[in-house]
Amino acid sequence: MDIAIQLPTKVDLEDLAPDQAGDVMHPIFAKMPSSVSFNKLRKRLLRHVRQAIDDFGMLKGQKRWLIGVSGGKDSYSLLALLMDLQWRGLLPVELVACNLDQGQPNFPKHVLPDYLTSIGVRHRIEYRDTYSIVKEKVPAGGTYCALCSRLRRGNLYRIAREEGCDALVLGHHREDILETFFMNFFHGGRLATMPAKLLNDEGDLMVLRPLAYAAEDDLAKFAAAMEFPIIPCDLCGSQDGLERNAMKAMLSDIERRMPGRKDTMLRALGHVNPSHLLDPKLFDFQSLFAEPKA
């Protein structure tokens with residue numbers, strides 16, 4: 001369902017006092033809390049999103065984004081923050097929300113279309129039974145995430161093309177990026193993580209992660225305060241012993257013992273010094289030599 005929304009003139013974040021925000025914000029924020037603490041949280045998340053968009057040039061050549069909405073806290077928050085920025089004239093792209101119904105048991109099919117329609121967000125709901133494929137292909141005791149993610153991503157790429165979108169926008173946050181880094185570090189033997197901006201293999205779509213700087217705790221508080229109709233994952237969410245869960249527990253323990261380490265680690269991913277690593281493909285160690293003294 002498409003609903004035309006009139007955008008106001010550009011408004012900066014600091015121009016909005018809590019009691020004024022309702023006059024200029026997107027309808028998705030109609031029932032938001034009016035507390036000072038929530039307003040600070042919202043502004044912090046918006047600053048993080050704007051910084052990521054600017055740092056990684058996410059708006060270059062972009063006209064329409066497909067927003068992946070799973071029904072979880074992160075994707076709801078992503079949609080709300082992007083709609084907020086667009087509503088203020090700070091995000092000059094068209095947004096299309098998309099949910100891929102993967103055929104999981106007990107999935108409440110009405111929740112997302114009802115909610116997205118109620119707040120006037122253009123959306124597309126697509127049904128593809130990838131659940132049965134994952135259950136058939138993954139052996140007993142195996143984890144579903146990798147195959148489920150590949151099947152979901154392939155369908156979202158297709159939908160983005162069909163909707164004339166330039167990018168697929170996903171709700172991965174700071175913790176997702178750090179957990180992926182350590183999974184690759186411990187189990188894959190490589191230094192790599194989820195990039196904030198990625199060109200797909202076909203070269204026709206960008207994959208964007210505007211929540212790259214956002215903390216999961218902030219998103220959880222935001223989603224709870226906004227009372228989003230959360231839909232739990234009954235496939236991978238029910239599995240124990242996942243590598244990602246172990247990474248999450250490790251990072252939580254480090255943050256508990258040394259507050260601020262997550263932000264430090266995230267900054268480290270943006271300050272790479274190839275000459276101080278061990279990859280001869282990134283730095284020409286063969287040509288490095290000392291000048292003899294006269």
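Computation of the quantities below employed the complete heavy-atom set of this structure, encompassing side-chain atoms and omitting hydrogens, waters and symmetry-equivalent molecules.
Other members of the cluster containing Leu278 do not exist, because no ILVMFWY side chain is joined to it at under 4.5 Å. Under a 4.5 Å side-chain heavy-atom criterion applied to ILVMFWY residues, the cluster that includes Phe285 comprises Phe283, Leu288 as well.
Here the side chains of Leu59 and Trp65 are in contact, with some heavy-atom distance below 4.5 Å. Residues Met206 and Asp166 form no side-chain contact, since every pair of their non-hydrogen atoms from C-beta on lies 4.5 Å or further apart. Inter-residue side-chain proximity for Asp101 and Glu126 is flagged as unmet; no heavy-atom pair is nearer than 4.5 Å. Using a 4.5 Å heavy-atom threshold, the side chains of Ile67 and His123 count as separate. A heavy-atom distance below 4.5 Å is not found between the side chains of Gln86 and Val93. The side-chain heavy atoms of Leu112 and Tyr76, taken from C-beta on, include a pair separated by under 4.5 Å. Between Leu79 and Leu116 there is a side-chain heavy-atom pair separated by less than 4.5 Å. Side-chain contact between Met250 and Ile254 is present, with heavy atoms from C-beta onward closer than 4.5 Å.
For Tyr157, the ring-ring contact (aromatic ring centres under 6.0 Å, His included) criterion is met by no residue, not counting sequence neighbours. By the salt bridge (charged side-chain N to carboxylate O under 4.0 Å, His left out) test, Glu291 is found to be paired with no residue, residues two or more places apart in sequence or in another chain being considered. For Lys262, the salt bridge (charged side-chain N to carboxylate O under 4.0 Å, His left out) test picks out Glu175, with sequence neighbours left out. For the side-chain contact (heavy atoms from CB on, under 4.5 Å) test, residues two or more places apart in sequence or in another chain that qualify with Ser75 are Val69, Ser70. A search for salt bridge (charged side-chain N to carboxylate O under 4.0 Å, His left out) contacts involving Asp279 returns Lys281, not counting sequence neighbours. Every residue was checked against the salt bridge (charged side-chain N to carboxylate O under 4.0 Å, His left out) condition with Arg190, not counting sequence neighbours, and none meets it. Among residues two or more places apart in sequence or in another chain, the side-chain contact (heavy atoms from CB on, under 4.5 Å) test is passed with Asp114 by His110. Annotation: ring-ring contact (aromatic ring centres under 6.0 Å, His included) contacts of Tyr127 (sequence neighbours excluded): none.
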Exercise answer: donor-acceptor pairs, residues 207-215 side-chain atoms, under 3.5 Å, sequence neighbours excluded:
unit_1 : atom_1 : unit_2 : atom_2 : d
Arg209 : NE     : His172 : ND1    : 2.8
Arg209 : NH1    : Pro195 : O      : 2.7
Tyr213 : OH     : Asp55  : OD2    : 2.7

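Scanning all heavy atoms of the two residues, the minimum distance from Leu168 to Gly68 falls at CD1-N, 4.5 Å. Nearest heavy-atom pair across Phe107 and Ile231 is CE1-CG2, 3.7 Å. When every heavy atom of Ala167 is checked against every heavy atom of Gln62, the shortest pair comes out as CB-OE1, 3.1 Å. Contact record, Pro33 with Phe38: O-CD2, 3.5 Å, taken as the closest heavy-atom pair.
In this structure, CZ in Arg47 is found 10.5 Å from CZ in Arg42, a value given to the nearest 0.5 Å. Separation of atoms CZ (Arg158) and CG (Leu205) is listed at 12.5 Å; rounding is to 0.5 Å. Atoms CG and CG, on Leu46 and Leu82 in that order, are 9.5 Å from each other to the nearest 0.5 Å. Rounding to the nearest 0.5 Å gives a distance of 10.5 Å between CG of Asp84 and CG of Leu91. The OG1 atom of Thr264 sits 4.5 Å away from atom CZ of Arg267, with the distance rounded to the nearest 0.5 Å. Rounding to the nearest 0.5 Å places CE of Met194 at 8.5 Å from CE of Met183.
Using modelled atom types, one finds no donor on one side chain facing an acceptor on the other under 3.5 Å when comparing Ser77 with Asp74. Side-chain contact annotation: Glu202 with Asn200, donor-acceptor N/O pair under 3.5 Å present.
Within 6.0 Å of NZ in Lys197 there are more than 12 heavy atoms belonging to other residues, nucleotides or ligands.
Thr193 contributes no side-chain N or O that, together with a main-chain N or O of Thr180, makes up a donor-acceptor pair within less than 3.5 Å. Lys73 places no side-chain N or O within donor-acceptor distance of the main-chain N or O of Ala223, the cut-off being under 3.5 Å. Looking only at distances, a side-chain donor or acceptor of Asn155 sits under 3.5 Å from a matching main-chain atom of Leu151. Side-chain atoms of Glu163 do not come within 3.5 Å of backbone N or O of Leu66 as any donor-acceptor pair.
Residues Ile125 and Leu156 are members of separate hydrophobic clusters, defined by side-chain heavy-atom contacts under 4.5 angstrom among Ile, Leu, Val, Met, Phe, Trp and Tyr. By the rule that hydrophobic residues join a cluster once side-chain heavy atoms approach within less than 4.5 Å of another member, Ile230 and Leu100 end up as members of separate clusters. No single ILVMFWY cluster, assembled from side-chain heavy atoms under 4.5 Å apart, contains both Leu85 and Leu170. Note: the hydrophobic cluster containing Ile177 also contains Leu199 (ILVMFWY, side chain heavy atoms under 4.5 Å, direct or indirect links). There is a path of hydrophobic side-chain contacts, each under 4.5 Å, that joins Leu95 to Leu45.
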Going through the distances and angles, do Met247 and Leu178 end up as a side chain to side chain contact (heavy atoms under 4.5 Å, CB included)?
-> CA-CA 8 Å; Met247 298 302 102; Leu178 291 175; over 6 Å; no
Give the intermediate values and the outcome of side chain to side chain contact (heavy atoms under 4.5 Å, CB included) for residues Leu191 and Asn184.
-> CA-CA 6 Å; Leu191 300 181; Asn184 285 321; over 6 Å; no
Are Phe29 and Met226 close enough, and set up right, to give a side chain to side chain contact (heavy atoms under 4.5 Å, CB included), and what steps lead you there?
-> CA-CA 8 Å; Phe29 281 89; Met226 293 287 289; 3.7 Å; yes
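One finds a salt bridge joining Asp263 and Arg174 here, because a Lys/Arg side-chain nitrogen approaches an Asp/Glu carboxylate oxygen to under 4.0 Å. The pair Arg244-Glu179 meets the salt-bridge criterion, with a side-chain N (NZ, NE, NH1 or NH2) lying under 4.0 Å from an Asp/Glu carboxylate O.
Using the six-membered ring where Trp is involved, Phe228 and Tyr115 have ring planes that are perpendicular, over 60° apart on the 30 and 60° scheme.
Under the salt bridge (Lys or Arg N to Asp or Glu O under 4.0 Å) criterion, the residue pairs touching residues 57-71 are Arg64-Glu94, with sequence neighbours excluded.
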